[in-house]
Protein chains: 2
Amino acid sequence: MSDRRTQIMEAAVRVIAEDGVRGLRVEKLAAAAEVSTALIYYHFKDRAGILRAALEHINHRAQTYTDVPATNPRTRLEQMLLRELQDTPEVRQNSIAWGELRATAAFHPDLRDSLRTTTETWNSDIAALIREAQTAGTVADSVDPTATAERLTALVEGLSERWHSGTLALPRARQLLTGAIELELTSP
Amino acid sequence: MSDRRTQIMEAAVRVIAEDGVRGLRVEKLAAAAEVSTALIYYHFKDRAGILRAALEHINHRAQTYTDVPATNPRTRLEQMLLRELQDTPEVRQNSIAWGELRATAAFHPDLRDSLRTTTETWNSDIAALIREAQTAGTVADSVDPTATAERLTALVEGLSERWHSGTLALPRARQLLTGAIELELTSP
DNA sequence: GTCTATACAGAGATAGAC
DNA sequence: GTCTATCTCTGTATAGAC
């Protein structure tokens, strides 16, 4: 991928995080990326192409920025999940943009494949961590890693959207998530 | 509110559920409502007015359609939550439209107040049900009704969005939710 | 590869009759 | 209150020079 493409995609994340997919205007994207609209069309063909590429890009960012210093698996698990609920520009941008793409996928089936892949990757990363923790003895064997991972990541998304829509304060969101992790990992 | 207004708003829910907020075209709305575009502008002033009213309308619908035949509190709780994850046209429409509303609120702060109110109502309804179940002895007293309600409703929203975006099959979503309810209501 | 300038379509909004 | 007809503007996309 050329430098220009990444430059435009980085700008796309910012613009989408600010105005939403719904509010994405090619001209504004061009301004944000400091290039002409024509160049954007040259690289991405059309608006749908821009969106597809932006999704891939956000996807890629989302997969990588969650790495966390290695301590014990259970702590890493908590940190990985909590990291999505942090008020830093990078996380906020990514999280908003990611939410937008999810929402958009409800109306654009062509976006779904890559969305599904990323979600599955995230789920199985979390599930793997749970299994590690089980091996280490910090989590009970009775816990179902797959289902637990699916629930926790879905909860993160739900909390995250409430945060961004102003329905839920961030500290409360983190608190609720911590409670859920506690509950999920402490078997009956 | 006049009949015409409600007629148009009912159509708006359908159109938004189908195309999203961004995909809402006044002309299409007019066709769906079987009126002229001019009439819509007459009643709602401009596109923003249409949207505001539509979101209020969705809000209102969302508050009412979750009533459930009275059995014991715990069962009603499960049914109220599971009801959001059903593949009937009405639920699907409402749920998609509601998701759109939430997503849109991230970029339109003026929508947040009514959104927050509705969410809080939902939360406290669920919390009340949990307290009832505690009184009835079906749920342990150690459960925190407020936090549990917040987590469960947020999870429903997360699962719901995954369902609509094609990331998660509906039966699986229901299964995960049931599991979460089980976990939340069965204290350590 | 990248720009400036521009064509073109589609959607929001209004005028004016009934 | 409601319609038909139409105006205007915004945003997508392309042509063509460099």
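The sequence lines fix the lettering, A, B, ..., with proteins before strands; numbering per chain opens at 1.
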A.B. asks: Report, one pair per line, the protein and nucleotides 8-13 of chain C atoms (nitrogen or oxygen only) whose separation is under 3.5 Å.
C.D. replies:
unit_1, atom_1, unit_2, atom_2, d
C:dA11, OP1, B:R25, NE, 3.0
C:dA11, O5', B:R25, NE, 3.3
C:dG12, OP1, B:R47, NE, 2.9
C:dG12, OP2, B:V26, N, 3.0
C:dA13, OP2, B:R47, N, 2.7

A.B. asks: Would you please say whether a donor-acceptor pair under 3.5 Å links the side chains of A:T153 and B:R162?
C.D. replies: yes
A.B. asks: Would you indicate whether B:Q86, at its atom CD, is surrounded by more than 12 heavy atoms from other residues, nucleotides or ligands within a distance under 6.0 Å?
C.D. replies: yes
A.B. asks: Decide whether A:Q79 and A:R76 meet the rule of one side-chain donor and one side-chain acceptor closer than 3.5 Å.
C.D. replies: no
A.B. asks: If the test is side chain to side chain donor-acceptor pair (under 3.5 Å), which one of A:E90, A:H164, A:E84, A:R83 qualifies with A:S95?
C.D. replies: A:H164
A.B. asks: Mark yes when over 12 heavy atoms from residues, nucleotides or ligands other than A:E27 sit less than 6.0 Å from its CD; otherwise mark no.
C.D. replies: no
A.B. asks: Could you state the CZ-P distance from A:F44 to D:dT12, rounded to the nearest angstrom?
C.D. replies: 15 Å
A.B. asks: Find the distance B:R22:CZ to D:dT12:P and express it as a whole number of Å.
C.D. replies: 7 Å
A.B. asks: How many whole angstroms separate atom OH of A:Y42 from atom C1' of C:dT2?
C.D. replies: 9 Å
A.B. asks: Could you list the protein-to-nucleotides 15-18 of chain D atom pairs, N/O on both sides, closer than 3.5 Å?
C.D. replies:
none

A.B. asks: We want to know whether B:R131 and B:Q134 form a side-chain donor-acceptor pair, criterion being a heavy-atom distance below 3.5 angstrom.
C.D. replies: no
A.B. asks: So, B:Q7 versus B:R4: side-chain donor-acceptor pair below 3.5 Å or not?
C.D. replies: yes
A.B. asks: Report the distance from atom NE2 of B:H43 to atom C1' of C:dT14, rounded to the nearest whole Å.
C.D. replies: 16 Å
A.B. asks: Please tell me if the side chains of A:L155 and A:L176 come closer than 4.5 Å, counting only heavy atoms from C-beta onward.
C.D. replies: no
A.B. asks: Nearest whole angstrom, please: distance from the C1' of D:dG1 to the CD1 of B:I8.
C.D. replies: 11 Å
